[in-house]
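Accompanying notes for the structure given below.
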2 protein chains.
Amino acid sequence: MDKSDALTSFAALSQSTRLDVFRLLVKAGARGMLSGEIGEKLDVRQNTMSANLAVLLNAGLVRNERQGRTIRYFADFDTMRGLLGFLMEDCCGGRPDLCQPVIDEIACAC
Amino acid sequence: MDKSDALTSFAALSQSTRLDVFRLLVKAGARGMLSGEIGEKLDVRQNTMSANLAVLLNAGLVRNERQGRTIRYFADFDTMRGLLGFLMEDCCGGRPDLCQPVIDEIACAC
DNA sequence: TAAATATATCAATTAATCATGATATATGGA
DNA sequence: TCCATATATCATGATTAATTGATATATTTA
């Protein structure tokens, strides 16, 4: 994860539909979701959804896998990890009390 | 942290100078940095830096504090925490092995 | 192989964002 | 109060991004 990758990722997440899509896929985890399923759930037209998924793919935030006629999308937790690592690099100037709560927050109860 | 806040934050982080600024401030931690100091370090003109700091402020990703003629900026770790919490909400569909590495990554060594 | 379904690409219009020069505001010191 | 320093705001031109209708590609089924 270099700076350019990080910029691409943040840009991808800074659009309403794409943020919704990514959060849906985070929730879905290893199950993933079909492209059409996502579009239907979010009430977004087919070509708009395709374009937005392409942006997320390009950013590496999601992966996909063809299954017959359909394509299943997954959140890419490795990219997520790299992105947060990049953002928090050498964080908090030696005071763990600043960054520890940030870490605790995403310690999900799954 | 609602969706609109998250979008504003990601948009703020999706621009080169602002990403640099935020990462500098993350490293600086509680020390923070003066506006002019940041601009000098990143070689960015005064008004451009001011505009970019305003975007980060508006997103709540940084706070500031006037000190005489100068203004000191700080990364806001609470906002950061809220943002990551929002993004990873109900994450990984019941498989902790997916999201645990994400958490470990940002467990900084400070 | 033809039709149906699922998804992607293209071209064009509209909208948002960025850096910049010029200028304004605020604070401190002479 | 006048000047210098530090930062913010404004107006503008240039670049970039988003949605959409139309169309293309890929896969399955008949």
Side-chain angles (χ1 to χ4, degrees), chain A residues 3-25 28 31-76, chain B residues 3-25 28 31-76:
Chain A
K3 183 178 154 188
S4 165
D5 296 332
L7 286 171
T8 304
S9 287
F10 286 128
L13 292 172
S14 70
Q15 198 272 345
S16 178
T17 298
R18 291 195 299 262
L19 181 55
D20 287 338
V21 169
F22 186 73
R23 296 213 312 146
L24 268 182
L25 292 178
R31 262 179 290 122
M33 285 178 78
L34 302 182
S35 172
E37 209 179 350
I38 302 170
E40 201 170 337
K41 175 119 181 176
L42 298 179
D43 195 26
V44 172
R45 288 167 199 242
Q46 187 273 318
N47 56 355
T48 300
M49 181 51 64
S50 175
N52 280 316
L53 285 169
V55 173
L56 288 166
L57 266 179
N58 176 253
L61 286 166
V62 307
R63 285 173 298 107
N64 67 6
E65 188 178 291
R66 180 172 279 279
Q67 292 181 337
R69 276 196 274 229
T70 67
I71 299 185
R72 187 173 293 270
Y73 283 81
F74 307 89
D76 190 318
Chain B
K3 183 177 153 189
S4 164
D5 295 333
L7 285 171
T8 304
S9 287
F10 286 128
L13 292 172
S14 71
Q15 198 273 345
S16 178
T17 299
R18 291 195 298 262
L19 181 56
D20 287 339
V21 169
F22 185 73
R23 295 213 312 147
L24 268 182
L25 292 178
R31 262 178 289 123
M33 286 178 76
L34 301 181
S35 172
E37 209 179 348
I38 302 171
E40 201 170 336
K41 174 120 183 175
L42 297 180
D43 194 27
V44 171
R45 289 166 198 244
Q46 187 273 317
N47 57 355
T48 299
M49 181 53 64
S50 174
N52 280 315
L53 284 169
V55 173
L56 288 166
L57 266 179
N58 176 253
L61 287 166
V62 306
R63 285 172 299 106
N64 66 6
E65 188 178 290
R66 179 172 280 278
Q67 293 181 338
R69 275 197 274 228
T70 67
I71 299 185
R72 187 173 293 271
Y73 283 82
F74 306 89
D76 190 316

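Naming convention: chains lettered A, B, ... in sequence-line order (proteins, then strands); numbering from 1 in each chain. Side chains included, hydrogens not; waters and symmetry mates left out as well; all remaining heavy atoms used. In this text the structure is predicted, and so the values were computed from the model without any measurement.
Heavy-atom minimum distance, A:Gly60 versus A:Asp76: O-CB, 3.3 Å. Heavy-atom minimum distance, A:Ser16 versus B:Leu7: N-CD2, 3.6 Å. Heavy atoms only, all atoms of each residue included: A:Ala12 and A:Leu56 are closest at CB-CD2, 4.1 Å.
To the nearest angstrom, C1' of D:dA6 lies 13 Å from CD1 of B:Ile38. What separates CG of B:Leu42 from C1' of C:dA19 is a distance of 15 Å, to the nearest Å. Regarding B:Leu57, its CG atom lies at a distance of 14 Å from the C1' atom of D:dT9, rounded to whole Å. Rounded to an integer number of Å, the gap from CD of B:Gln46 to P of C:dT25 is 15 Å. One interatomic measurement links the two molecules: CG of B:Asn52 to C1' of D:dT7, which rounds to 14 Å at whole-angstrom precision. Per the geometry, CZ belonging to B:Phe10 stands 18 Å off C1' belonging to D:dA17, to the nearest Å. Atoms CG (A:Leu56) and C1' (C:dT7) sit 16 Å apart, rounded to a whole Å. In this structure, CZ of B:Arg45 is placed 18 Å from P of D:dA6, rounded to the nearest angstrom.
Between A:Tyr73 and C:dA8 there is a side-chain polar atom (N or O) within less than 4.0 angstrom of OP1 or OP2. Between B:Thr48 and C:dA19, a side-chain N or O to OP1/OP2 separation shorter than 4.0 Å is absent. When the side-chain nitrogen and oxygen atoms of A:Asn64 are compared with OP1 and OP2 of C:dT7, none of them lie within a distance under 4.0 Å. Between A:Ser50 and C:dA8, a side-chain N or O to OP1/OP2 separation shorter than 4.0 Å is present. When the side-chain nitrogen and oxygen atoms of B:Thr70 are compared with OP1 and OP2 of D:dA6, none of them lie within a distance under 4.0 Å.
Looking only at side-chain heavy atoms (C-beta outward), A:Leu13 and B:Leu13 stay at 4.5 Å or farther from each other.
Judged by distance alone, with hydrogens and angles left aside, the side-chain atoms of A:Arg23 form no donor-acceptor pair with the main-chain N or O of A:Leu25 at under 3.5 Å.
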Using a cut-off of under 3.5 Å, enumerate the N/O to N/O pairs linking the protein to nucleotides 26-30 of chain D.
unit_1	atom_1	unit_2	atom_2	d
D:dT28	O2	A:Arg69	NH1	3.4

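Where A:Ala11 and A:Asn47 each meet DNA chain D at their nearest nucleotide, the meeting point lying more 5' is that of A:Ala11.
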In residues 42-55 of chain A, what donor-acceptor pairs under 3.5 Å come from side-chain atoms, sequence neighbours left out?
unit_1	atom_1	unit_2	atom_2	d
A:Asn52	OD1	A:Arg18	NH1	3.0
A:Asn52	ND2	A:Thr48	O	3.2

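Counting any heavy atom pair closer than 4.0 Å across all strands shown, A:Arg72 reaches no nucleic acid atom.
Checked by distance alone, A:Gln15 brings no side-chain donor or acceptor within 3.5 Å of a matching partner on the base of D:dA17.
The residues A:Lys3 and B:Asp20 are annotated as salt-bridged, a charged nitrogen and a carboxylate oxygen being separated by less than 4.0 angstrom.
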